[in-house]
Amino acid sequence: MKLGAQFYSIRDVCKTAEELRQSFRRIKEIGYDAVQISGVGESITAEDIAACVAEFDLPVPCTHSPYERIVHDTDALIAEHKLFGATEIGIGGLGRPKDLETVHAQLMQLKAAAQKIRAAGLTFAFHNHAHEFADLGGGVSMFKIMEEECPEFNFIFDVYWAVYAGQDPAAFIRRLGHRMVNIHFKDMKTAPQGPICPCGEGIIDFASIYAACEEVGVKNIFVEQDNAPDFGDSIGQMEISYRHLAPLFGK
């Protein structure tokens, strides 16, 4: 497994192509092995990302891409991902569900796009928060619909939000790990629903989750710290997580 950095965590220093390049350099120097692209500046192109991948030997296995592009600009999005070598197109979420009917309609649109993505030799993955586990009525949750009605979906499983929702991340990974190539490690400062913090400074047991990832064959574990920019040195926050997690990866 590779230990990667989710660039949404450092979006404040990835607004231009040159900032992206410098961020790739610094993440490489820390020791990370891969990058997930998300939240970077709108002017940054697939060619810019491909250049960084080549210069720093840091692969980009997956992204978070906008719903509108996934659903309505699928072919171009596929071509861009192939340009910089990503094999999984992810979505960061759909926001809090309004009602079961709306959720179902959106997921069916994503399902159609996911089928097209798979036909092109890539995969599609959904990144969870906590609300996807909430009951929308009759014991049905957004996650249950995706699990049962959308076999085309992989999951970019976020362990923090799973804990926040009262789930057992290791058990969840063992049950659905065949649909997980890339997942997120994110720590929780205090139980049961505390703020996000660097990995190793909170209460989440990453060793047991790592073991589950090994068992099911997860390929990449990405550190994501949504609030890292709030501390004034987002890459510094990512370095803290790296130091705590590196021994799990034999680093």
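Note that the structure is a prediction, hence the values are computed from the model and not measured.
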Q. Taking the six-membered ring for Trp, are the ring centroids of Phe126 and Phe155 within less than 6.0 Å of each other?
A.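 Ring-ring flag for Phe126/Phe155: false, centres at least 6.0 Å apart.
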Q: Tell me whether the centres of the aromatic rings in Phe143 and Phe157 are closer together than 6.0 Å.
A: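 Centroid separation for Phe143 and Phe157: 6.0 Å or greater.
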(Q) Restricting to ring pair (Phe, Tyr, Trp, His ring centres under 6.0 Å), what partner residues turn up for Phe222, sequence neighbours left out? (A)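 In terms of ring pair (Phe, Tyr, Trp, His ring centres under 6.0 Å), with neighbours along the sequence ignored, Phe222 is linked to no residue.
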**Q.** Pairs flagged by salt bridge (Lys or Arg N to Asp or Glu O under 4.0 Å) wherever residues 35-59 is involved - sequence neighbours left out
**A.**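 Output for this query lists Arg21-Glu55.
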Q. Please, which pairs that meet salt bridge (Lys or Arg N to Asp or Glu O under 4.0 Å) have at least one residue in residues 182-200, sequence neighbours excluded?
A.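 Passing the test, one end in residues 182-200: Asp158-Lys186, Lys186-Glu224, Lys186-Asp226.
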**Q.** Side-chain donor/acceptor of Gln193 to backbone N/O of Tyr164, under 3.5 Å
**A.**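 The answer is yes, because a donor-acceptor pair under 3.5 Å joins these two groups.
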Side-chain donor-acceptor contacts of residues 243-251 below 3.5 Å, not counting sequence neighbours, with atom names and distances?
from: Lys251; atom 1: NZ; to: Gly31; atom 2: O; distance (Å): 3.2
from: Lys251; atom 1: NZ; to: Asp33; atom 2: OD1; distance (Å): 3.0
from: Lys251; atom 1: NZ; to: Asp33; atom 2: OD2; distance (Å): 3.0

Q) Side chains of Pro169 and Val163: does their closest heavy-atom pair fall under 4.5 Å? A)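 Pro169 vs Val163: side chains touch.
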Q. Quick one: does Asn154's side chain get under 4.5 Å of Phe124's, heavy atoms only?
A.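 With C-beta onward as the side chain, the pair stays apart.
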Q. Can you list the steps and then say if Glu88 with His81 is a side chain to side chain donor-acceptor pair (under 3.5 Å)?
A. CA-CA 8 Å; Glu88 188 159 83; His81 280 67; over 6 Å; no
Q. Sequence neighbours excluded, which residues qualify as salt bridge (charged side-chain N to carboxylate O under 4.0 Å, His left out) partners of Lys116?
A.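 By the salt bridge (charged side-chain N to carboxylate O under 4.0 Å, His left out) rule, Lys116 matches Asp75.
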Q: Over 60° means perpendicular and under 30° means parallel, so classify the ring planes of Phe24 and Phe7, tilted if in between.
A: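 Judged by the thresholds at 30° and 60°, the geometry between Phe7 and Phe24 is perpendicular.
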Q. Under the side chain to side chain donor-acceptor pair (under 3.5 Å) test, which residues partner Thr16, sequence neighbours left out?
A.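 Applying side chain to side chain donor-acceptor pair (under 3.5 Å) to Thr16 gives none.
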